Amino acid sequence: PLLRKTLQLQTFTDTFGNYTFYIKNANVQTLQDSHKKNCIAPASSILHMMNATRNSKQPLLFFTNNIESPLFLQHLRQYYDTPRSLQYQHQPKPAFHVFSAMTTGSSHSFHAHDRAQIYQIRGRKLWYLLPPGSHRPSRINACHYAMGEEEVPEG
């Protein structure tokens with residue numbers, strides 16, 4: 001209950017709005033200015049920009065991790081506990097934690113990574129999975145598959 005309240009927009013902005021993050025596009029790439037410097041902004045500004053770009057072809061993503069933003073992830077950790085049944089017992093290397101938030105109707109395109117535990121806290125998620133070795137589809141908003149605007153890749 002505390003985490004759900006903390007993730008409500010106004011509470012999140014009040015609690016975490018002054019932490020600074022890289023500004024990333026929906027492909028999790030950090031945006032750069034004309035001098036090739038990474039763009040950064042406080043969380044409150046990123047959330048505002050995400051809403052402003054939600055219907056554009058270049059929506060923004062709030063995405064960070066414990067390497068880029070260790071203080072933010074430590075602070076966020078105060079609002080939840082990982083259930084014991086979901087904790088890795090024997091990790092071959094230190095855990096890599098991410099935080100990702102998107103606006104309604106946005107998505108991550110197909111991607112691959114090592115084993116992961118992903119917790120859905122709020123909203124809905126639809127997964128499209130392809131077998132290992134499949135041709136990677138072009139980077140499009142996966143919501144287009146669900147709405148029938150794009151054909152789901154073979155696999």
Side-chain angles (χ1 to χ4, degrees), residues 3-4 7-9 12 16 19-74 76-77 80 82-155:
L3 181 59
R4 185 173 293 276
L7 292 178
Q8 291 175 356
L9 184 58
F12 185 88
F16 303 107
Y19 284 92
T20 302
F21 302 92
Y22 292 114
I23 303 173
K24 297 182 180 179
N25 64 20
N27 294 327
V28 198
Q29 301 301 306
T30 303
L31 301 182
Q32 296 183 329
D33 66 17
S34 60
H35 303 290
K36 302 288 186 202
K37 302 247 187 213
N38 290 339
C39 297
I40 60 171
S44 56
S45 295
I46 292 173
L47 294 169
H48 177 73
M49 289 185 280
M50 285 172 63
N51 279 324
T53 62
R54 69 186 300 160
N55 294 319
S56 76
K57 291 190 182 266
Q58 298 293 325
L60 296 180
L61 167 67
F62 191 127
F63 186 95
T64 193
N65 59 60
N66 59 314
I67 306 300
E68 294 176 354
S69 306
L71 297 178
F72 165 72
L73 269 289
Q74 283 177 337
L76 182 64
R77 190 87 175 125
Y80 72 95
T82 303
R84 183 174 297 230
S85 62
L86 298 177
Q87 295 175 5
Y88 284 131
Q89 299 301 317
H90 305 286
Q91 295 183 20
K93 55 186 176 183
F96 182 68
H97 300 273
V98 299
F99 176 85
S100 176
M102 304 177 86
T103 58
T104 300
S106 56
S107 77
H108 284 293
S109 57
F110 275 98
H111 62 280
H113 47 73
D114 293 335
R115 72 178 183 174
Q117 293 181 5
I118 300 177
Y119 307 105
Q120 182 77 23
I121 296 170
R122 188 169 181 197
R124 288 182 276 167
K125 184 177 286 216
L126 177 62
W127 292 84
Y128 291 96
L129 304 174
L130 294 174
S134 295
H135 171 72
R136 181 180 285 191
S138 49
R139 290 185 172 256
I140 64 166
N141 184 327
C143 297
H144 296 296
Y145 300 136
M147 295 184 294
E149 296 173 7
E150 294 283 341
E151 189 172 321
V152 177
E154 298 264 336

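What you see is a predicted model; the values in this text were computed from it and never measured. Quick note: numbers below take in every heavy atom, side chains included, and nothing from hydrogens, waters or symmetry partners. Throughout, numbering of the chain's residues begins at 1 and tracks the sequence.
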Checklist entry - Does Thr103 reach the side chain of Thr53, with side-chain heavy atoms less than 4.5 Å apart? => result no
Do side-chain atoms of [X] reach the backbone of [Y] as a donor and acceptor pair under 3.5 angstrom?
X: Glu149; Y: Met147; answer: no
X: Asn65; Y: Ile67; answer: yes
X: Tyr128; Y: Ala146; answer: yes

State yes or no: are the ring centers of Tyr19 and Phe99 separated by less than 6.0 Å?
no
Practice problem: Report the C-alpha separation of Leu47 and Leu9 in whole Å, then their side-chain angles, then the decisive distance to 0.1 Å, and conclude whether the side chain to side chain contact (heavy atoms under 4.5 Å, CB included) test is met. | Solution: CA-CA 9 Å; Leu47 294 169; Leu9 184 58; 3.9 Å; yes
Taking atom [atom1] of [X] as the centre, report whether more than 12 heavy atoms of other residues, nucleotides or ligands fall under 6.0 Å from it.
X: Tyr22; atom1: OH; answer: no
X: Ile40; atom1: CD1; answer: no
X: Lys125; atom1: NZ; answer: yes

d(Asn38 CG, Gln32 CD) to nearest 0.5 Å is 5.0 Å
Rounded to the nearest 0.5 Å, the CD atom of Glu150 sits from the OG atom of Ser138 at a distance of 7.0 Å
Looking only at heavy atoms, which two atoms of [X] and [Y] are closest? And how far apart?
X: Asp33; Y: His35; value: OD1-N, 2.8 Å
X: Ala41; Y: Ile23; value: CB-CD1, 3.8 Å
X: Thr64; Y: Ser69; value: OG1-OG, 2.6 Å
X: Met50; Y: Leu61; value: SD-C, 4.3 Å

Test ring pair (Phe, Tyr, Trp, His ring centres under 6.0 Å), reference Phe21, set Phe63, Phe62, Phe16, output is Phe62
